[in-house]
Student: 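Pasting a structure below so you can have a look.
To find a chain, count down the sequence lines: A is the first, B the second, and so on, and within it residues start at 1. Hydrogens, waters and symmetry mates play no part in the numbers below; they use all other heavy atoms, side chains included.
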Protein chains: 2
Amino acid sequence: MRLVTSQNAAAKKKTAARRVRAPRMDSGERKRMIVEKAIEYFAKNGFEGSTRDLAREIGVAQSLVYRYFPKKELLLDQVYEEVYLARWNPLWESDLRNRDVPFEARLKKYYLDYAQNVLRNDWVRILIFAGLKQEGINDRLFKLLHDSIFTTVITEFHHAFPSPTSIDRDKDKRELELELVWSLHASIFYISMRKWVYKTKIPSKINSVIEVLVEGFIESLKHLNRGGVPLDQAAKSHADLPKRNSFKLASQLARS
Amino acid sequence: MRLVTSQNAAAKKKTAARRVRAPRMDSGERKRMIVEKAIEYFAKNGFEGSTRDLAREIGVAQSLVYRYFPKKELLLDQVYEEVYLARWNPLWESDLRNRDVPFEARLKKYYLDYAQNVLRNDWVRILIFAGLKQEGINDRLFKLLHDSIFTTVITEFHHAFPSPTSIDRDKDKRELELELVWSLHASIFYISMRKWVYKTKIPSKINSVIEVLVEGFIESLKHLNRGGVPLDQAAKSHADLPKRNSFKLASQLARS
DNA sequence: GCTCGTATTTATCAAATGACCACTATATCG
DNA sequence: CGATATAGTGGTCATTTGATAAATACGAGC
């Protein structure tokens with residue numbers, strides 16, 4: 001499959017239809033076009049995809065890509081920037097804070113909108129490819145999520161469902177609350193992974209699913225604040241499990 | 001960085017310390033060793049990692065790898081098999097079914113154990129690399145998860161928390177229940193992704209987090225069965241949202 | 001200690017790939 | 001129409017990489 005006899009190679013060279021010269025475009029437009037096709041291409045093939053292949057998809061000579069992006073790396077950077085920060089909606093945070101709307105409705109609106117804008121083929125795959133390749137590249141995004149969404153969600157929850165003990169939330173409890181928000185985020189992100197990475201079937205009524213997830217999230221938060229696991233009880237709660245489990249797991253994730 | 005002057009190249013060749021001949025090993029042992037190192041190597045570098053690099057890590061000549069795996073592809077297949085199916089514990093399903101133990105405890109035990117066995121560096125990264133590269137490769141794993149875990153969890157939940165209406169669960173409701181199980185799975189998987197793909201900090205008390213997630217999951221299932229969103233109400237529940245959202249989202253995920 | 005099987009290595013090939021440069025063609029402007 | 005700027009192309013180089021084959025060296029058995 002990889003091996004091609006030199007005869008074949010020669011034949012291919014002879015047969016190779018002379019390239020139809022690509023139409024002359026404005027420099028800026030061409031650059032945009034390259035980036036857009038690159039997003040599509042690298043989302044499909046990973047960052048190890050070749051510039052030749054990409055150029056073929058664009059319908060342009062390989063060397064032209066290098067006119068606009070002297071290093072492949074620069075193109076990849078551009079692809080990453082384009083995909084991410086471009087799709088962040090600054091209204092999300094302020095809408096989440098708008099107490100004229102019921103908390104649950106705000107949450108649903110946000111997550112429906114987030115899913116719609118962000119959980120697409122290109123987005124998910126490029127995010128993951130980038131994460132796998134160079135750690136830390138998504139830190140900005142996570143900071144954004146944390147600072148403007150996650151903390152807001154928790155704050156607004158406590159405003160919507162004030163609890164008598166909510167004043168003395170200790171560090172552990174705050175961490176667990178944050179984990180519940182991560183969990184909601186993960187659940188929705190994973191739907192997109194199932195579709196665009198694993199290519200499995202997902203339910204058609206995604207919007208209903210998201211609403212159920214949001215409702216479940218609120219229930220979970222309530223449960224946690226109701227004192228379901230005030231952490232001093234947490235130890236007791238799995239007292240019937242072999243104690244080793246917890247330790248082994250913790251060390252497992254710590255090491256490798 | 002890629003460009004090396006021919007002088008450098010020559011110098012490198014001259015300098016290249018003569019390989020210390022690798023100790024002669026039993027054929028079977030060597031094969032095992034190669035696979036093990038390959039798991040580690042490809043988990044880190046992705047399946048595009050080179051056989052030369054791998055051989056260097058093993059401390060062996062590149063061509064030796066080809067003695068045991070005549071095609072790189074064959075080695076990759078082996079790596080995949082090794083990582084996956086090897087770690088599946090058949091007891092999980094039967095333990096989940098053991099009604100002598102309270103439902104919640106069974107769930108916690110399973111998810112703590114699953115996390116411990118499965119959410120490691122190699123496992124997560126190889127699963128994702130594989131999924132990104134060739135769609136469908138994880139189908140077997142998902143079928144296993146679905147058939148022996150997810151459906152069991154739902155069955156056992158209904159046994160533990162029988163509800164008057166639980167007889168007439170329609171198709172939509174069953175789908176939503178399944179999605180809640182997916183959501184729990186996703187939440188735990190994502191913790192591992194945060195650690196091993198994105199390399200961000202995760203809470204130290206992972207076991208507590210998992211327990212909270214399991215409790216939240218049960219609350220969510222209860223909520224769903226309590227009639228929180230009997231689907232005829234689902235439409236109403238976000239009546240205050242722009243209707244377009246739902247449609248746009250659905251079509252978004254459908255197309256791209 | 002010599003022979004022989006085979007684990008391991010060195011050397012090499014063909015293809016693919018990132019990068020570069022000189023050349024060509026085309027649109028625009030006087 | 002002819003000059004000019006520049007978008008676009010072909011060809012090529014050095015390196016990397018999967019793959020192969022011939023040469024080497026190690027250890028077991030006589």
Student: Are the side chains of B:K109 and B:D95 in touch, meaning some heavy atoms are under 4.5 Å apart?
Tutor: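 B:K109 vs B:D95: side chains touch.
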Student: Contact list please: residues 29-37 of chain A against DNA chain C, heavy atoms, distance less than 4.0 Å, in numerical order.
Tutor: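 Per residue number, the list is empty: none.
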Student: Looking only at non-hydrogen atoms, find the nearest pair between A:K72 and A:F47 and report the distance.
Tutor: NZ-O, 2.9 Å
Student: Restricting to nitrogen or oxygen on both sides, can you table the protein-nucleotides 28-30 of chain C pairs closer than 3.5 Å?
Tutor:
none

Student: Any heavy-atom pair between the side chains of B:P203 and B:K205 that's under 4.5 Å?
Tutor: no
Student: Which whole-number value in Å describes the distance from A:M25 CE to D:dA5 C1'?
Tutor: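 So the two atoms are 18 Å apart, to the nearest Å.
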Student: Each nucleotide N or O in nucleotides 22-24 of chain C that has a protein N or O under 3.5 Å away: list the pair and distance.
Tutor:
residue, atom, partner, partner atom, Å
C:dT24, O2, A:R21, NH2, 3.1

Student: How many Å lie between CZ on B:F69 and P on C:dT8, as a whole number?
Tutor: 13 Å
Student: Measure CG/B:D26 against P/D:dA28 and give the value in whole Å, please.
Tutor: 11 Å
Student: Can you list the residues that meet the side chain to side chain donor-acceptor pair (under 3.5 Å) rule with A:K133, with sequence neighbours excluded?
Tutor: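 Result, side chain to side chain donor-acceptor pair (under 3.5 Å) vs A:K133: none returned.
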Student: Please report the shortest heavy-atom distance between B:I149 and B:W88, naming the atom on each side.
Tutor: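 Closest pair (atom of B:I149, atom of B:W88, distance): CG1-CH2, 3.8 Å.
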Student: Tell me, do B:E211 and B:L112 make a side-chain contact under 4.5 Å, heavy atoms counted?
Tutor: yes
Student: Can you find a side-chain donor-acceptor pair between B:Y41 and B:D53 that sits under 3.5 Å?
Tutor: yes
Student: Over 60° means perpendicular and under 30° means parallel, so tell me whether B:Y198 and A:F142 are parallel, tilted or perpendicular.
Tutor: perpendicular
Student: When you compare the side chains of B:Y80 and B:N138, does any donor N or O come within less than 3.5 Å of an acceptor on the partner?
Tutor: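 Indeed, the side chains of B:Y80 and B:N138 share at least one donor-acceptor pair under 3.5 Å.
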Student: Nucleotides 1-5 of chain C: which of its N/O atoms have a protein N/O under 3.5 Å away?
Tutor:
residue, atom, partner, partner atom, Å
C:dG5, N2, B:R24, NH2, 2.6

Student: Starting at NE2 of A:H146, measure out to CG of A:L141 and round the result to the nearest 0.5 Å.
Tutor: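 If we round to the nearest 0.5 Å, A:H146:NE2 and A:L141:CG are 13.0 Å apart.
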Student: So do A:L119 and A:I191 actually touch side chain to side chain, heavy atoms under 4.5 Å?
Tutor: no
Student: More than 12 non-hydrogen atoms from neighbouring residues, nucleotides or ligands closer than 6.0 Å to CD on B:E135, yes or no?
Tutor: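 Open: at most 12 neighbouring heavy atoms sit under 6.0 Å from CD of B:E135.
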Student: Between A:K71 and C:dC20, is there a contact of a side-chain N or O with OP1 or OP2 at under 4.0 Å?
Tutor: yes
Student: Are side-chain heavy atoms of B:D147 and B:T152 found at a separation under 4.5 Å?
Tutor: no
Student: According to the interplanar angle, ranging from 0 to 90°, do the rings of B:F189 and B:H185 count as parallel (below 30°), tilted (30 to 60°) or perpendicular (above 60°)?
Tutor: parallel
Student: Does anything in residues 44-67 of chain A come within less than 4.0 Å of DNA chain C? Heavy atoms only, and list the residues if so.
Tutor: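 Correct list: A:G49, A:S50, A:T51, A:R52, A:Q62, A:S63, A:Y66.
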Student: Between CZ of A:F217 and OG of B:S183, what distance do you get to the nearest 0.5 Å?
Tutor: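 Taking CZ in A:F217 and OG in B:S183, the distance rounds to 11.5 Å.
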Student: Just call it for A:Y68: base, sugar-phosphate, or nothing, with non-hydrogen atoms closer than 4.0 Å on any strand.
Tutor: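 If one applies the 4.0 Å heavy-atom cut-off, A:Y68 turns out to touch the sugar-phosphate alone, with no base involved.
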Student: Nearest-nucleotide wise, let me know which of B:K72 and B:A22 is further upstream toward the 5' end of DNA chain D.
Tutor: B:K72
Student: Distance from A:D113 atom CG to A:L91 atom CG, nearest 0.5 Å?
Tutor: 9.0 Å
